[in-house]
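Heads up: the structure comes next, in structure tokens.
Everything quoted here is computed from the prediction, not taken from an experiment. Each ligand, and each atom within it, is numbered from 1 in the order the structure gives.
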Amino acid sequence: MTMKIAVCGKGGVGKSTVCAYLIQALLNRDRRVLAIDADPSPHLARLLGLDDSHITPIAEMKDLLNERSGRDGPFYNLNPKVDDLPERFMKKRNGLSLMVLGAIEQGGAGCACAENAVLRNLLNRLLLSGGEDIVLDMEAGVEHLGRGTIAGVDHILVVVQPYRGSIETAEKIDRLARDLKIRSLHIVANNCQDEEDARFIKEMCGQKPVGIFRASIETKKAERQGLPVTVASPEMLENAEKIISVLERS
Ligand SMILES: Nc1ncnc2c1ncn2[C@@H]1O[C@H](COP(=O)(O)OP(=O)(O)O)[C@@H](O)[C@H]1O
Ligand SMILES: [Mg+2]
């Protein structure tokens with residue numbers, strides 16, 4: 001069974017980092033993985049050690065999006081053609097494919113609805129295609145891609161750190177997931193310094209995190225040097241492997 005995982009949470013909590021380790025954990029099981037970077041300032045490629053110099057986020061392909069959206073004045077196509085896009089925009093290495101969505105700029109008074117419809121359609125199609133595991137690195141909030149998109153995933157992982165703000169964001173995401181009837185939502189505690197941090201998260205969230213990542217100097221260093229983080233901390237990788245095992249059983 002393939003699994004589709006969306007990784008959400010407040011900005012800077014470590015979503016992309018956790019994604020990178022989860023992706024590596026899946027690849028280590030010889031699974032095929034489609035990683036989708038839906039963060040408005042994407043950098044998942046670098047964390048995975050993929051050369052990002054030739055990756056253009058689809059959102060920046062203005063002409064293409066415009067053409068596909070079939071925009072005509074205030075009207076646009078709600079079901080634009082997107083099925084040829086994945087092949088054109090995916091970066092591949094062994095069992096891994098990466099697609100970078102990027103963000104649609106909300107230029108001036110103009111509405112980006114038409115372009116967003118193309119992106120959303122693309123994402124929905126990818127989530128419906130069943131051949132590989134999907135790890136979706138979400139933007140900080142969850143709203144710009146719309147509720148419909150997130151409804152297509154099997155598991156939501158909400159990354160939190162031991163501070164109140166990140167846990168408030170998690171509560172919002174939890175409510176959204178309940179609205180959408182997504183049954184599998186787990187908390188991932190990140191950047192915990194000690195037992196007290198882990199306990200704070202557990203108490204504030206009212207549930208035991210599915211994984212607890214400690215503050216990792218190796219990961220921090222790798223990121224600073226622009227190196228792949230996935231090889232930096234065997235402990236974080238092992239944690240990610242345990243999370244995958246839990247998701248497989250849930
Ligand atoms: N467990 C950790 N230990 C040390 N540094 C971390 C850890 N998790 C994330 N970081 C660092 O925190 C910063 C933000 O992480 P990132 O994954 O980019 O967050 P997000 O994708 O949520 O914005 C990065 O510099 C990353 O290297
Ligand atoms: Mg990120």
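- Contact annotation for Asn190 and ligand 1: only side-chain heavy atoms (C-beta onward) come within less than 4.0 Å of the ligand.
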Start with the C-alpha gap between Lys220 and Glu223, add the side-chain angles, then the distance that decides, and say whether salt bridge (Lys or Arg N to Asp or Glu O under 4.0 Å) holds.
CA-CA 5 Å; Lys220 188 166 89 174; Glu223 197 279 336; over 6 Å; no
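- The distance from ligand 1 to the heavy atoms of Lys15 drops below 4.0 Å at these ligand atoms: 17 (O), 19 (O), 20 (P), 21 (O), 22 (O), 23 (O).
- Side-chain contact between Asn28 and Leu237 is present, with at least one heavy-atom pair separated by less than 4.5 Å.
- Side-chain contact between Ile167 and Glu203 is absent, with no heavy-atom pair separated by less than 4.5 Å.
- Atoms of ligand 1 found under 4.0 Å from any heavy atom of Asn191 (numbered from 1 in listed order, with element): 1 (N), 2 (C), 3 (N), 4 (C).
- Atom 26 (C) of ligand 1 lies below 4.0 Å from at least one non-hydrogen atom of the protein.
- For Asp39, no nitrogen or oxygen atom sits less than 3.5 Å from a nitrogen or oxygen atom of ligand 1, counting backbone and side chain alike.
- At a 3.5 angstrom cut-off on N or O pairs, Lys220 does not count as close to ligand 1.
- With respect to Glu195 and Lys202, no salt bridge is recorded, no charged nitrogen being found less than 4.0 Å from a carboxylate O.
- For ligand 1 and His43, the ligand atoms under 4.0 Å from any heavy atom of the residue are 18 (O).
- Any N or O atom pair closer than 3.5 Å counts here, and Val13 shares at least one such pair with ligand 1.
- Close contacts of ligand 1 with Met236, meaning ligand atoms under 4.0 Å from a residue heavy atom, involve 1 (N).
- Protein heavy atom at the shortest distance from atom 14 (C) of ligand 1 is Gly12 O, 3.7 Å.
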Does the pair Arg175 and Asp179 meet the rule for a salt bridge (Lys or Arg N to Asp or Glu O under 4.0 Å), with working shown?
CA-CA 6 Å; Arg175 280 198 289 279; Asp179 275 0; over 6 Å; no
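- Protein heavy atom nearest atom 11 (C) of ligand 1, with residue, atom name and distance: Thr17 OG1, 4.6 Å.
- Listed here is the closest heavy atom pair of Thr230 and Ala20: CG2-O, 3.2 Å.
- Side-chain N or O atoms of Tyr21 include one that pairs as donor or acceptor with a backbone N or O of Ser233 at under 3.5 Å.
- Distances from ligand 1 to the non-hydrogen atoms of Ala215 include at least one value under 4.0 Å.
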Derivation and outcome, salt bridge (Lys or Arg N to Asp or Glu O under 4.0 Å), residues Asp37 and Arg46:
CA-CA 11 Å; Asp37 193 345; Arg46 198 173 57 238; over 6 Å; no
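- Heavy atoms only, all atoms of each residue included: Ile201 and Pro209 are closest at CG2-CG, 4.0 Å.
- In this structure, Glu218 does not pair ionically with Lys221, as no charged nitrogen and carboxylate oxygen lie closer than 4.0 Å.
- Of the protein's non-hydrogen atoms, Ser216 N, 2.8 Å is the one closest to atom 3 (N) of ligand 1.
- Backbone and side-chain nitrogen or oxygen atoms of Ser16 are examined, and one is located within less than 3.5 angstrom of a nitrogen or oxygen of ligand 1.
- Under 2.8 Å from the Mg ion (ligand 2), one finds the following protein N/O/S atoms: Ser16 OG, Asp39 OD2.
- Protein heavy atom closest to atom 19 (O) of ligand 1, with residue, atom name and distance, is Gly14 N, 3.1 Å.
- Counted within 6.0 Å of NZ on Lys81, heavy atoms from surrounding residues, nucleotides or ligands total more than 12; the atom is thus considered enclosed.
- Summarising the geometry of Ile23 relative to Leu48, their closest heavy-atom pair is CG2-CD2, 3.9 Å, with the distance given to 0.1 Å.
- Paired with Arg31 under the rule salt bridge (charged side-chain N to carboxylate O under 4.0 Å, His left out), one option of Glu248, Glu241, Glu132 passes, and it is Glu248.
- Side-chain atoms of Asn190 never come within 3.5 Å of backbone atoms of Val159 as a donor-acceptor pair (strictly under, hydrogens ignored).
- Close approach of ligand 1 to Glu223 (heavy-atom distance below 4.0 Å) involves ligand atoms 25 (O), 27 (O).
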